[in-house]
Amino acid sequence: MPIKIAVLTRERQGEAFRMALGLLLLDDVPDVYIMDRKLEDNEQNRHYMETCKDMDVKIFTNCRDNKDIEYLTTEEVAGRLLDYENIIPY
């Protein structure tokens with residue numbers, strides 16, 4: 001049975017994406033939350049974002065500067081975290 005996992009990140013965004021994608025190998029269902037910061041614009045993050053979209057990993061943010069990512073308020077993020085079995089902070 002798949003486990004729902006939230007991966008939250010601020011500074012170590014590339015590692016958070018890599019962890020989320022690795023969890024797919026265990027048949028888990030990860031979602032990535034980019035918190036309080038703009039997603040760093042670099043080749044690594046662009047590649048991870050594309051791979052996450054291809055693998056149906058959902059990505060959310062509470063920072064309006066992240067234009068191509070679904071925006072949620074901090075309160076909405078907090079409410080959603082109750083639905084996960086595990087939360088991994090980065």
Working to the nearest 0.5 angstrom, can you tell me the gap between [X] [atom1] and [Y] [atom2]?
X	Y	atom1	atom2	answer
Asn86	Ile5	CG	CD1	5.0 Å
Cys63	Arg37	SG	CZ	10.0 Å
Leu39	Ile59	CG	CD1	8.0 Å
Met55	Lys53	CE	NZ	15.5 Å

Legend entry - Minimum-distance pair of heavy atoms, taken over all atoms of Cys52 and Phe17: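 Cys52 and Phe17 have their closest heavy atoms at SG-CD2, 3.7 Å.
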Legend entry - Nearest heavy-atom neighbours spanning Ala20 and Pro30: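 Heavy atoms only, the tightest pair is O-CG, 3.2 Å.
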Inset, instruction - Apply side chain to side chain contact (heavy atoms under 4.5 Å, CB included) to Arg18 and Gln44, showing your working. - result: CA-CA 10 Å; Arg18 191 170 60 245; Gln44 179 185 35; 4.0 Å; yes
Legend entry - Met35/Thr9 under side chain to side chain contact (heavy atoms under 4.5 Å, CB included): CA gap, chis, key distance, verdict: CA-CA 6 Å; Met35 302 298 296; Thr9 184; over 6 Å; no
Table please: side-chain donor-acceptor pairs of residues 68-80 below 3.5 Å, with sequence neighbours left out.
unit_1 : atom_1 : unit_2 : atom_2 : d
Thr73  : OG1    : Glu76  : N      : 3.1
Thr73  : OG1    : Glu76  : OE1    : 3.4
Thr74  : OG1    : Asn62  : ND2    : 3.0
Glu76  : OE1    : Thr73  : N      : 2.7

Cluster overlap [X] with [Y], hydrophobic side-chain contacts below 4.5 Å:
X	Y	answer
Val32	Leu82	no
Val57	Ile34	yes
Val29	Leu25	no

Inset, instruction - Keeping the roles fixed (side chain from Asn42, backbone from Gly14), state whether a donor-acceptor pair exists under 3.5 Å. - result: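 No.
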Inset, instruction - Determine yes or no for a side-chain-to-main-chain donor-acceptor pair under 3.5 angstrom, with Asn45 supplying the side chain and Glu40 the backbone. - result: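 Side chain of Asn45 to backbone of Glu40: a pair is present.
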Legend entry - Electrostatic pair Asp41:Arg46 at N-O distance under 4.0 angstrom: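 Answer for the salt bridge query: yes.
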Inset, instruction - Please identify each residue that fulfils side-chain hydrogen bond (donor to acceptor under 3.5 Å, both in side chains) with Arg10, with sequence neighbours left out. - result: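 Partners of Arg10 by the side-chain hydrogen bond (donor to acceptor under 3.5 Å, both in side chains) criterion, ordered by chain and then number, come out as Asp36.
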Legend entry - Qualifying side chain to side chain donor-acceptor pair (under 3.5 Å) pairs, either residue in residues 20-35, two or more places apart: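 Applying side chain to side chain donor-acceptor pair (under 3.5 Å) to every pair that reaches into residues 20-35, excluding sequence neighbours, yields Asp31-Tyr84, Tyr33-Tyr84.
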Inset, instruction - Begin with the C-alpha distance, continue with both residues' side-chain angles, and end with the deciding distance and a verdict on side chain to side chain contact (heavy atoms under 4.5 Å, CB included) for Leu23 and Ile3. - result: CA-CA 9 Å; Leu23 291 168; Ile3 297 173; over 6 Å; no
Inset, instruction - Could you check Ile87 against Leu8 for side chain to side chain contact (heavy atoms under 4.5 Å, CB included), going step by step and ending with a plain yes or no? - result: CA-CA 7 Å; Ile87 300 170; Leu8 280 77; 3.5 Å; yes
